[in-house]
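What follows is one structure encoded as structure tokens, with my remarks underneath.
Computed from a prediction, not measured in an experiment: that's the story for all the values here. Below, chains carry the letters A, B, ... as their sequence lines are ordered, and counting in each starts from 1.
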Amino acid sequence: MPLPSSPSLPPADLFDAPAEPPSPPSHGPAGSSRLLQGLNPEQLAAVTLPGEPALILAGAGSGKTRVLTTRIAWLMQTGQITPGGVMAVTFTNKAAKEMLTRLSAMLPVNVRGMWIGTFHGLCNRFLRAHWKLAALPQSFQILDTGDSLSAVKRIIKAMKLDEERFVPKQVSWFIAGSKEDGLRPQDVVIHDAQSQKMVEIYQAYEDQCQREGVVDFAELMLRTYELMRDHASLREHYRHRFQHILVDEFQDTNKLQYAWLKMFAGDPADGRTAAVLAVGDDDQSIYAFRGAQVGNMSDFEREYHVRQVIKLERNYRSYGNILDSANALISHNTRRLGKNLRTEAGPGEPVRVYEATSDYAEAQWLLEEAQQLHRAGTPRVEIAILYRSNAQSRVLESALFNAGVPYRVYGGQRFFERAEIKHALAYLRLTENPNDDTSFLRVVNFPTRGIGARTVEQLQDAARASGRSLYQSVGSVGGAAGSKLAGFTTLIDRLREDTRGLTLREIIERMLEASGLITFYRTEKEGQDRIENLEELVTAAEAFVTIEGFGKDAVALPVDETSPGTIAAPLPGQPEALAAVDLLPDAETGEILSPLAAFLTHAALEAGDNQAQAGQDAIQLMTVHAAKGLEFDCVFITGLEEGLCPHENAMTEADGLEEERRLMYVAITRARQRLYMSFSQTRMLHGQTRYNVKSRFLEELPESALKWITPKQQGFGSGHAQQYQQAWQRGSGPGGIVGAGRNGGWQPAAAPPPAWAAPVPTAMAQSAAKASGHGLRQGQSVFHNKFGEGVILTLEGKGDDARAQINFGRHGTKWLALSVAKLTPIE
DNA sequence: CGTTGGAACCTTTTT
DNA sequence: GGTTCCAACG
């Protein structure tokens, strides 16, 4: 199918007309020199690289994000690129938001139209635009890991296979792994009967997802890749569009992501490519265990004939002793690209090492130390406690909890993955797409309405026999069970009818009532927390509405500077600097997703890291993996014991020890001023006491940078560290609020003040004028190429986000993005 | 059909 | 130690 030559994707075209002849890079507008201020020579070189493939080896704390964002701003300000011509890819939503926030502080640009996001987020955007070509329903929903696992379980059951031989988790992992290698069922090499069956399950899973109109995370990537691979017109379009592609954390890319990148950037074997700027650090590659290929860095350098490799080795984060430790440790790894961090900040304090008698004693010591740091003036959010595996957090949590010290645990269960939230989302998904069997099964009997396993089995048989969804097969079950099922589908249908045209908030409130979820949790003794979470879901929806601007008072809100991702109340007099989810319009018709479908997508893609009350001063607890990309004044690395760090499970894998060492390297380089490392002689793990030897990594650190602070006498119980503690103790005892529990938002450093004084690029001014002048009004009749004649019901938003709700009669009522949809007014 | 109790499981991660 | 799944019971 040919791609419409114009308009293509939302705001891109608004910027496509070059405003002015591009200025030579080094003599850009006056504003560019201001952008480049304060960069060191290497950073400056990276920012002002010529428009060709380049690789940046960015050490920890070397100002990588600054380089990335300044590069984009510089390219735009010197007229080398329009916002629509840039793609910037990250791995986490956090990183993407950080980039958007910093960028909008540097330039008065509407970042919404820019392709800046996570791999999966951008794939989502792409597939929403080309859903027909991708053979998906426009409102396809996204399965998270749990959804995907239960889908696999269902298939294994349906195929009457032994769950011992085909462990659902492993099968799920196999499917995701295959997809991440770009392999469809027919491409997987079969060795034996076992792998033959695995492939059959994979195939059945694919068929099922396709039938239900759902995709898992890996599918987002793979389908985008295949669509680009198979359609020359798409390749042409996007390759023409994106002249600059920036990839963050390149060392974490897997095979598929690299192939995906080639699709958008062009294969150097075929000639000219986009200017790909790959930024990465091989020493921080800690995701090999889930398919990341560090080798992509050297492959990229070779295949894209990279002429410029820039090393950012100057560290702006940590003091010398911390960096010496990191450098010494990582030098034990072989096959490195080679890099050494240096600082001009001086040696700073020594790295403190502590040996505890038990995990309990370790936690107790840590608590006292952290309290002391806090009393000495360190904010709690600047104190991080890191550990290798989540299981270690419990003893730490209980120590903090008992002492009444506020803390927050990152990771663990995420907001949108909580059972009650998943139930609520399942109801919402069913109103969008009743054929979503995963959601159907989740709530068909929750709260219980007398539909038992027996009935469900009958229904599943009927559905399987006719190749239809459970919802569609309800009629084939007779008797009392049948009418109970019919009652459920009626509930869903009625919900869909009754919520038509309501706001997101109203839809969710109505659903919570109608489904009986609220009533159920009210009567449950442990239900109060769950009700609070459901209320939080309503709040999240409300915030989402505000971000999306679907509400009646649609205004673009500035991102709260103190916590990107949290949307603050509108700041009067501030220009729009909105970094939000986009409207996800169809490439051809401009039809956008309904607010509900968009919200559900958002829930799946951003499992809710911005859900917690940011701003509370709490000690930060997280795994080392979760700490990547963050920094703190004081860092505790705990549990430095053989078997734990390095983790025993990692030792069986090839390159396992080196990855563990990199993990430790990441942990060390999180610290700005003060670093503690601790280990314990005994540890309760999985209900067993283990006697551990201290980690080999401790031996790999330079003795000169360390200071052993274990007190001479160690004792019994909590009083063990008294001597040591006495020296510290002064001032008040522990105070504060009870720990905030799991899941949360970030509390990053405040963004620099926006440089609004900078000259407004002409392209921007033009686009604003062009887009706001759509000249449409409520009640007006319009003609759409696809949907025919319609009447405008609502007009919302302005500029790039302007959209209209239009009644197209038999085509239904649709939301259209005015920047994309081709509408002709009819008088 | 729904609840409860006990056995068996697992314990790097992100989208 | 905590969670999850299944079997037996109400």
Please classify the nucleic acid contact of Lys484(A) as base, sugar-phosphate, or nothing, using heavy-atom distances under 4.0 Å.
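Counting heavy atoms under 4.0 Å across all strands, no contact is made by Lys484(A).
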Reckon Phe91(A) touches a base, only the sugar-phosphate, or nothing at all at heavy-atom distances under 4.0 Å?
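Phe91(A): backbone/sugar contact only, no base atoms under 4.0 Å.
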Rounding to a whole Å, what distance do you find between [X]:[atom1] and [N]:[atom2]?
X	N	atom1	atom2	answer
Glu417(A)	dT3(C)	CD	P	15 Å
Leu149(A)	dT4(C)	CG	P	12 Å
Glu249(A)	dT14(B)	CD	C1'	12 Å
Leu644(A)	dC10(B)	CG	C1'	15 Å
Glu180(A)	dT15(B)	CD	P	13 Å
Phe446(A)	dC1(B)	CZ	P	17 Å
Phe289(A)	dT11(B)	CZ	P	12 Å
Asn390(A)	dT14(B)	CG	P	8 Å

Between His625(A) and Phe520(A), name the one whose nearest nucleotide on DNA chain B is closer to the 5' end.
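It is Phe520(A) whose nearest nucleotide is closer to the 5' end.
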Can you work out whether Arg454(A) or Thr623(A) has the more 5'-proximal nearest nucleotide on DNA chain B?
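With Arg454(A) and Thr623(A) compared, the 5'-side residue is Arg454(A).
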Please determine, for the side chain of [X], which listed nucleotide ([options]) has the closest atom?
X	options	answer
Asn445(A)	dT13(B), dT11(B), dG2(B)	dG2(B)
Arg290(A)	dT11(B), dT14(B), dT15(B)	dT14(B)
Thr448(A)	dG2(B), dT11(B), dT15(B)	dG2(B)
Asn93(A)	dT11(B), dT15(B), dC5(C)	dT15(B)
Arg394(A)	dT11(B), dG2(C), dT15(B)	dG2(C)
Tyr287(A)	dT11(B), dT14(B), dG1(C)	dT14(B)

Among Phe119(A), Tyr225(A), Phe126(A), which one satisfies ring pair (Phe, Tyr, Trp, His ring centres under 6.0 Å) with Trp260(A)?
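The single option meeting the ring pair (Phe, Tyr, Trp, His ring centres under 6.0 Å) with Trp260(A) is Phe119(A).
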His625(A) and ring pair (Phe, Tyr, Trp, His ring centres under 6.0 Å): which single residue from Tyr387(A), Tyr410(A), Phe289(A) fits?
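The single option meeting the ring pair (Phe, Tyr, Trp, His ring centres under 6.0 Å) with His625(A) is Phe289(A).
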Hey, is the side chain of Lys153(A) poking within less than 4.0 Å of OP1 or OP2 on dC5(C), counting only N and O atoms?
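Answer is yes, contact under 4.0 Å.
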Should Thr145(A) be listed as having a side-chain N or O under 4.0 Å from OP1 or OP2 of dT14(B)?
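False: Thr145(A) side-chain N/O out of range (4.0 Å or more) of dT14(B) OP1/OP2.
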Determine whether the aromatic ring centres of Phe446(A) and Phe520(A) lie less than 6.0 Å apart.
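Close enough - the centres of the two rings lie under 6.0 Å apart.
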Over all atoms of both residues, closest heavy-atom pair of Tyr360(A) and Val395(A)
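Closest approach of Tyr360(A) to Val395(A): CA-CG2, 4.0 Å.
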Looking at Tyr258(A), is Lys262(A) sitting on its ring face, NZ or CZ under 6.0 Å from the six-membered ring centre and within 45 degrees of the normal?
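Lys262(A) over Tyr258(A) ring: yes.
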